[in-house]
Amino acid sequence: MVSKRKLSEIGVNEESSKAETKKSRVSDKRTLTQGGLENEGVFEELLRASGIVLKAGEGQNEIAVDQTAFQKKLRMALEKHPSYPGVVKQFISGLELHIKDRSQFKNCLLPCTPTRTEGSRTLVHSYCESLIKLLLGIKILQPAVIMLLLEKIPEFFFDVVGTFGTNFPRLIVNQFKWLDSLLDSQDLVKKLMQMLSVSPVPIQHDIITSLPEILEDSQQNEVARELSCLLKQGRRLTVPILDALSRLDLDAELLAEVRQSAMTIVPSVKLEDLPVLVKFILHNVKAADAVEVISDLRKSLDLSSCVLPLQMLGSQRKLKSQAQTSSSMSQMTTSQNCVKVLFDVIKLAVRFQKDISEAWIKAIENSTSVSDHKVLDLIVLLLIHSTNSKNRKQTEKVLRSKIRLGCMPEQLMQNAFQNHSMVIKDFFPSILSLAQMFLHSAHLAVVSFGSCMYKQAFAFFDSYCQQEVVCALVTHVCSGNETELDISLDVLTDLVIQHTSLLMRYATFVKSILDSMQKLNPCQIRKLFYILSMLAFSQRQEGSYIQVSRDTVGVSDGGSLERPELSIECDGQLSTLLDLVGFCCEQAPEVLALYYDELANLIEKQKGNLDLQLLDKFGKSLVEDFPSDFVVDLSPTVDGSFLFPVKSLYNLDEDETQGAIAINLLPLVSQSEPGRVADETSSQRKRVVSPICLSPCFRLLRLYTGEQNNGSLEEIDALLGCPLYLTDLEVEGKLDSLSKQEREFLCLLLFYALNWFREVVNAFCQQQDPEMKGKVLTRLQNITELQNVLGKCLAATPGYIPPPATFDSEAPEGVPSINAGGPVRKRNGKKKKSDSSKACSVERTQADESSDGNQPDTELSELEKSTAEKEAGNPLAHLQSYRPYFRELDLEVFSVLHCGLLTKSILDTEMHTEASEVVQLGPAELCFLLDDLCWKLERVLTPGSTRRVPFLKERSNKDIGFAHLCQRSPKEVAVCVVQLLKPLCNHMENMHNYFQVILPNQGVVDESELNIQEYQLMSSCYHQLLLTFRLLFAWNGFSQHENSSLLRSALQVLADRLKPGETEFLPLEELISESFQYLLNFQQSIPSFQCAFILTQLLMAVSEKPMTGWKREKMASLAKQFLCQSWMKPGGDREKGSHFNSALHTLLCVYLEHTDNILKAIEEISSVGVPELINSAKDGCSSTYPTLSRQTFPVFFRVMMAQLESSVKSIPAGKPSDSSEVQLEKLLKWNIAVRNFHILINLVKVFDSRPVLSICLKYGRLFVEAFLKLAMPLLDHSFKKHRDDVQSLLKTLQLSTRQLHHMCGHSKIHQDLSLTNHVPLLKKSLEQFVYRVKAMLAFNHCQEAFWVGILKNRDLQGEEILSQASAAQEEDSAEGSEDSVDSTVEEPGGADSDSGSGGAGR
């Protein structure tokens, strides 16, 4: 038997050997050419027998059978081998020996190729796995092969893989991917993670990216946690780790944990890895978590790191070679490309994940602090607007709201365009659409933002975009809308100044505006021709772009006067044209005055750059004409018959008897009467001399004289002190006896005299001669005296229209009004408000939505409010409506403020310190100057969020009187005011000293020896001083980096008042603190509530944003002090009025927003102050809060309700993971809030006016909605642990909701439309509350405790409304169903609370 078996085996072997011999004969030639293997061992023999031929060199291993057949044959050969299981070890040893050669190892790692023979067709698949992977598929070989491969990896740790080299570690790791089965996957993953900890970064990268294809489902969570930890440890593996994590199937909790780990490294990750990181964070975000995830991403994502290469490039251009600069350019391009990819990732998420866009908008909307807003927010809003059409309206609303609130200043947009123009360019259609829409807005901040968008798009985009911008601006100009027209011309003016060569390409479009010139006023025409002249004359070689006559443009705008290099021929043409214009204007005084003003503006604007020869040609005639037209020799008597006897007044040169002159005013005014003018015009071409031209002609004369004499006015200094021919101005008691014609003549004379003195002060205010400075101060006194007289005359002359003082704007519509006994702006303000409300209802609605009632709806500026509050004793209060009829004061006039203020009260104690000045700036003159300064600052520096564009034609009226000011930039104005801060501080300290004596008992006026008129004047000065400071420091330009040094200079002036000489090197934070403390010291001398209001706003403007630390405590304390102070007028009356209420609203908001515990503060006012008010007399007030009276109660009530609703939104929603202590703390806050809500709601029983009811219905609904959203999740999870607290909370809230239901019934009974509009939404919220309580009880298995009762309709006092009884029985009727809903909304709250303990007990 044995021998037979052996023989049979030998036979088999012989047969097989013969077969092999035959094969070898056939393929002997192939084996030799392709490189066969000799000296076969067990490894080679078994592989060959199973169907694989090993190759050496570059050839790949060949397989002759199917992969599955090979694995089966090899497994059976090993298992049936006589030396099994030892043969496995021999096989592995042979494999290890074989792969020592790198080329052979490479062949084993690469896919095998099918064996092909001539004339035969193989059955093997075209793609075959590698030999190593085939061996890993055999269970008896798998552990040993895995160990062998892992041991081979360290051999390649320090190999450098070239471009075409073999990456052995990657090939090895790839063998473990997609295996059909793993005997011990835990061990393999464990060893791979161990290998990961010691491998170089490239190998770590390969291992990590391969893990998702290696892991089994049960291992994914564990490995994900390890990768998450690894993500926090280093930044070099961020991309592979995130790539692996995104391909793992993780549960929601672990995914949130991993996402949070990724979120922590966002601020420090490399820029090129940032897109991958953001893509992972935004991947698979659920709707419930979207807002939270996006909010965290917003806070962590900072694009400032992307700007660094730009800054590096700028510095290296100056310091390094061209090669280094090109390297920096490459780095900058890489940075921009990374940012581009980042926003492409966000764009994909926004486009294909609906929740992402809505969550991003919500996250931006929820940010309240100005410092929280970044360039990223603006770009994302533009991205969403451009990508998702469904979210455009919401995006526009949020963007408009943020601009209006000052959260997105223009500087932020400029940074976005400057640093990320490549990204923003893709959103150009949205930018153009938004800019066009913003220019239609009624809010100046939004309009300004839109204009800035145009300018930035033109500056940073390509020629196509630039052409679209110019076309859009031209369309705005030609639309005829006043606001759009002015803003668009301003934008074109800025573009022509900053980008002249670029705009020249589109000059044809700009020139087309000439076709619509009939829609432009003189100011706008001046702007247009300035633009055209710049385009025509800036670069003569490019003149072909604009086909407008250079000479014509030059004359229209005066551009040629500033071109000394022009030809003599052109010079002569211009001179002729000027003479022609002057000759044509001689018969029209107003046109001639406009001509004078335009030439004067040109000389002032181009000071030092004018052609002096050309200037002389028309200057000589001017020097001759002015004395002959307006100046006469001073004589005791004047020939002629006039309405009033002529009298020489206001002569400052009485000691000079020889050669004395006078302004021939009254005779000229008499001659300019319509009848006499007609007589004179009958003579052919005789020049008309009109007093209208007096001030414009003098302004041109003094500017021409100053230009010719390097600023010296010695040639015309006699005009400063010369008298005017007027009449006796002692009009007290005489006005009633005068005829209407005489009163109007007197008013006309006074207007001309005032405008003359204003121009005289403009001319000589900068003269340094002491005598002339004294005369300027005297002229200011003359102005205040004349204004007193004019106020009386105007009060006695209703319907009088003054002569024009400015000629480059349309005449104001309507007749200015004046009231001798009270404020003048109320009627105009109301009219303006009603007009504006019709045109801007959409903007107003959006403003209401954004502010949630925390800000009063106000149209008037601070100056208008203060004007309306001034008393009859101050003449300035009467003349504000006549501002368009006065000549404009130049900014240089305010250098007069350096003169000291001397009053009677200070004179007694400080005579020795002030005696050196002969002429002092008195309170009346100071008030006059400060009033004008405040109007100018509000016009230029007021933050756009607090100023609205007037409706339609009113805008042109607002611009009258600011023509010279508008030629200066806001920064130039701010620099001018900063230079005035020292004298302004001196004046304010003098005011402080004055009122500390007058107000010894904090706000109580000592009337025993009080000069009421002086008190009102000083109070007005104090108010104007505080307002000046506030307007300066609230300027949003200080937030721009280029103005930081100016801000530091301003703060240093204030801080130096406390620490003289110690502030030069203080950091900005300390300067802010010192300035804050300096201004805070004025709180004890505040004479009026309006001053208190302005001081509070000033302190908030000076302090940093957001306000923190001791300054926040001081602000709350100061606001409370003002609220707890009794504000009385000198006459003994209590301060009141709409503007008082508006200031009170803001001050109360400041107190509640800055106090440590807002709920406690609300409870104190409602529990202490209101009961005191209820128990007081009819005209009484609260003793604790004297500002709380029956008239101001709606203001207090609105603010408390709004702040209560806002404060509960800051209480975090309850989570299942909250500890018992956290739940108890939240329940305590909600208990206090609900108790406050209950107290406030029940006040309606006492104060049942319609405003109070409206506030209750509005904020009651908002409070209930906040309770449903934030408090009910807390009750769900805390009901079992804190049953009594939850029960008490629901009981208290039930009482409030029941009262709200009574208000709904009251509104329907009284059929008050303004109240019933709130009812449907409120009832819906109350119904949701009922079902939400039911759901909470069901969640805690207490649904048996819930029952529904019928709630009867009652009035505010709780009495049943019997008229509804029949309707309640008709269940099918609509009204009956509404009553049912009411009862369902209210009663179960009590039922749930009352029976909740029973349900919980079961």
Side-chain angles (χ1 to χ4, degrees), residues 641-650 665-676 691-692 694 724-758 781-805 811-831 864 867-887 924 927-928 931 957 961 1012-1013 1016-1017 1020 1131:
S641 59
F642 309 106
L643 283 176
F644 294 94
V646 179
K647 184 178 181 180
S648 171
L649 297 178
Y650 304 112
L665 187 56
L666 189 145
L668 281 176
V669 174
S670 299
Q671 293 173 9
S672 65
E673 290 180 4
R676 303 197 180 190
I692 288 181
L694 172 62
L724 285 79
Y725 277 153
L726 297 172
T727 188
D728 185 12
L729 296 179
E730 296 293 333
V731 297
E732 193 72 34
K734 300 178 182 179
L735 291 174
D736 294 337
S737 61
L738 300 178
S739 66
K740 179 182 178 182
Q741 181 186 5
E742 291 173 332
R743 290 197 299 268
E744 291 184 350
F745 182 87
L746 195 57
C747 291
L748 185 65
L749 191 66
L750 290 171
F751 269 105
Y752 286 136
L754 277 169
N755 285 327
W756 166 257
F757 283 149
R758 281 172 170 258
Q781 294 175 2
N782 298 152
I783 290 175
T784 57
E785 293 170 7
L786 280 176
Q787 285 187 155
N788 282 327
V789 179
L790 179 60
K792 298 173 184 177
C793 293
L794 288 173
T797 317
Y800 172 71
I801 300 178
E813 293 185 3
V815 179
S817 61
I818 191 165
N819 182 2
V824 298
R825 301 284 296 200
K826 286 187 177 180
R827 180 164 61 86
N828 292 342
K830 287 182 180 179
K831 182 177 185 299
E864 291 166 334
T867 299
E869 293 292 337
K870 288 178 182 178
E871 293 297 320
N874 185 358
L876 295 182
H878 303 311
L879 298 179
Q880 295 305 334
S881 57
Y882 289 90
R883 286 183 60 83
Y885 300 99
F886 292 117
R887 297 287 290 181
C927 187
F928 166 74
D931 180 75
N957 295 348
I1012 294 181
Q1013 187 173 2
Q1016 291 173 344
L1017 198 56
S1020 180

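Remember, it's a predicted structure, so these values are computed and weren't measured experimentally. What's counted below: heavy atoms across the whole structure, side chains too, no hydrogens, waters or symmetry copies.
For the pair Ser739 (side chain) and Glu742 (backbone), a donor-acceptor distance under 3.5 Å is present. The closest donor-acceptor contact from the side chain of Asn755 to the backbone of Phe751 lies under 3.5 Å. Remark: side-chain polar atoms of Tyr800 are paired, donor with acceptor, to backbone N or O of Leu748 under 3.5 angstrom. Using modelled atom types, no side-chain atom of Ser1020 and backbone atom of Gln1016 make a donor-acceptor pair closer than 3.5 Å.
Looking at residues two or more places apart in sequence or on another chain, you find no salt bridge (Lys or Arg N to Asp or Glu O under 4.0 Å) involving Arg758. Residues forming a side chain to side chain contact (heavy atoms under 4.5 Å, CB included) with Leu786 (at least two apart in sequence, or on another chain): Tyr650, Leu729, Leu750, Ala753, Leu754, Phe757. The salt bridge (Lys or Arg N to Asp or Glu O under 4.0 Å) check on Lys734 picks up Asp728, with sequence neighbours excluded. Listed by chain and number, the residues in a salt bridge (Lys or Arg N to Asp or Glu O under 4.0 Å) with Arg743 amount to none (sequence neighbours excluded).
Atom-to-atom distance recorded for Leu790:CG and Tyr885:OH is 12.5 Å, nearest 0.5 angstrom. Summarising the geometry, atom CG belonging to Leu749 is positioned 5.0 Å from atom CG belonging to Leu726; distances are rounded to the nearest 0.5 Å.
Taking the six-membered ring for Trp and the full ring otherwise, Phe642 and Phe745 have centroids separated by 6.0 Å or more.
Using a 4.5 Å heavy-atom cutoff, the side chains of Leu649 and Leu724 are not in contact. Contact check for Cys793 versus Leu735: side-chain heavy atoms found under the 4.5 Å cut-off. Leu668 has its side chain out of reach of Tyr725: every pair of non-hydrogen atoms, C-beta onward, lies at least 4.5 Å apart. Under the 4.5 Å side-chain criterion, counting only non-hydrogen atoms from C-beta, Thr727 is not in contact with Val646. Between Gln741 and Leu746, the closest side-chain pair of non-hydrogen atoms is not below 4.5 Å.
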* To do: Please lay out, stage by stage, how Leu694 and Tyr752 fare under the test side-chain contact (heavy atoms from CB on, under 4.5 Å).
  => CA-CA 8 Å; Leu694 172 62; Tyr752 286 136; 5.6 Å; no

* Steps toward side-chain contact (heavy atoms from CB on, under 4.5 Å) verdict (Ile783, Gln787) -> CA-CA 6 Å; Ile783 290 175; Gln787 285 187 155; 4.1 Å; yes

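The list of salt bridge (charged side-chain N to carboxylate O under 4.0 Å, His left out) pairs with a residue in residues 787-805, not counting sequence neighbours, reads Glu732-Lys792.
Listed here is the closest heavy atom pair of Leu1017 and Ala924: CD2-N, 3.6 Å. Across Pro884 and Ala805, no two heavy atoms sit closer than the pair O-CB, 4.3 Å. Contact record, Cys747 with Thr797: SG-OG1, 3.8 Å, taken as the closest heavy-atom pair.
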